[in-house]
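Everything below concerns the one structure shown next.
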Amino acid sequence: MLFIQGLLIAFFLFASSVKMFGWVKAIFEPQLAFFHRYGLNRAAMFAVGVIEATGAVVMLVGMFTANPVLSAMGASLVTLTSIGAMFFHFRFDTWKDAVPSMVTLVLSLIIALPLLERLI
């Protein structure tokens, strides 16, 4: 569980920083092109980055404090962004473009499911 959580944290801290600050042009420009194809602007891309970063940081705090509820809350934000990415990729692109978001969806659900079990 900690490995999956660490993987998600690392991935989404990196991905969100690119979306927010555009510091890796080779990744930023194609992602911005995706957003424009979806009818979304740079502000929407920045907002997605903020949500991803928030989810990753909340998961990180949950991991360091051994608080599974915090980890699950952060993973829930990642789950939402993964679902959104899948929606847009399936609608405007090919299913191959959605594969990373499908993987992050499954991994984030593994972390988020304990929270859902507590709520039910």
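Remember, it's a predicted structure, so these values are computed and weren't measured experimentally.
- A distance of 7.5 Å separates OG1 of Thr81 from CD1 of Ile51, quoted to the nearest 0.5 Å.
- Rounding to the nearest 0.5 Å gives a distance of 7.0 Å between CD1 of Ile9 and OG of Ser71.
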Are Leu107 and Phe11 close enough, and set up right, to give a side-chain contact (heavy atoms from CB on, under 4.5 Å), and what steps lead you there? CA-CA 12 Å; Leu107 295 177; Phe11 178 80; over 6 Å; no
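- Rounding to the nearest 0.5 Å places CG of Leu32 at 10.5 Å from CG of Leu40.
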Give the intermediate values and the outcome of side-chain contact (heavy atoms from CB on, under 4.5 Å) for residues Leu77 and Met59. CA-CA 10 Å; Leu77 289 174; Met59 273 196 293; over 6 Å; no
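- The two residues Ala56 and Phe12 come nearest to each other via the heavy atoms CB-CB, 4.1 Å.
- Residue Asp93 forms a side chain to side chain contact (heavy atoms under 4.5 Å, CB included) with just one option from Arg91, Lys96, His89, and that option is His89.
- Counted within 6.0 Å of CE on Met45, heavy atoms from surrounding residues, nucleotides or ligands total more than 12; the atom is thus considered enclosed.
- In this pair, Phe34 and Tyr38 present their aromatic rings parallel. The plane angle is below 30°, not in the 30 to 60° band.
- Counting all heavy atoms, side chain and backbone alike, Thr79 lies closest to Ala112 at OG1-CB, 4.4 Å.
- Side chain of Gln31 to main chain of Lys19: no donor-acceptor pair is present (N/O by atom type, distance under 3.5 Å, no hydrogens or angles).
- Clustering ILVMFWY residues whenever any of their side-chain heavy atoms sit less than 4.5 angstrom apart, transitively, puts Val48 in the very cluster that holds Val24.
- In the hydrophobic cluster analysis, where Ile, Leu, Val, Met, Phe, Trp and Tyr join through side-chain heavy atoms closer than 4.5 angstrom, Leu109 is grouped apart from Leu80.
- Hydrophobic cluster membership differs between Ile83 and Phe87, with clusters built from Ile, Leu, Val, Met, Phe, Trp and Tyr side chains linked at under 4.5 angstrom.
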Take Ser101 and Phe90, measure what side-chain contact (heavy atoms from CB on, under 4.5 Å) needs, and give me the verdict at the end. CA-CA 11 Å; Ser101 55; Phe90 285 137; over 6 Å; no
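- Rounding to the nearest 0.5 Å places OG1 of Thr104 at 10.0 Å from CE of Met102.
- In this structure, Ile111 is a member of the same hydrophobic cluster as Leu13, with clusters built from ILVMFWY side-chain heavy atoms closer than 4.5 Å.
- Hydrophobic clustering of Ile, Leu, Val, Met, Phe, Trp and Tyr side chains at less than 4.5 Å, counting indirect connections, keeps Phe14 apart from Val99.
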Assess the residue pair Leu60 and Met63 against the criterion (side-chain contact (heavy atoms from CB on, under 4.5 Å)); give the C-alpha distance rounded to whole Å, side-chain angles, the decisive distance to 0.1 Å, and a yes or no. CA-CA 5 Å; Leu60 183 64; Met63 189 168 76; 4.1 Å; yes
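- Across all non-hydrogen atoms, the minimal contact from Gly22 to Arg42 is N-NH2, 4.3 Å.
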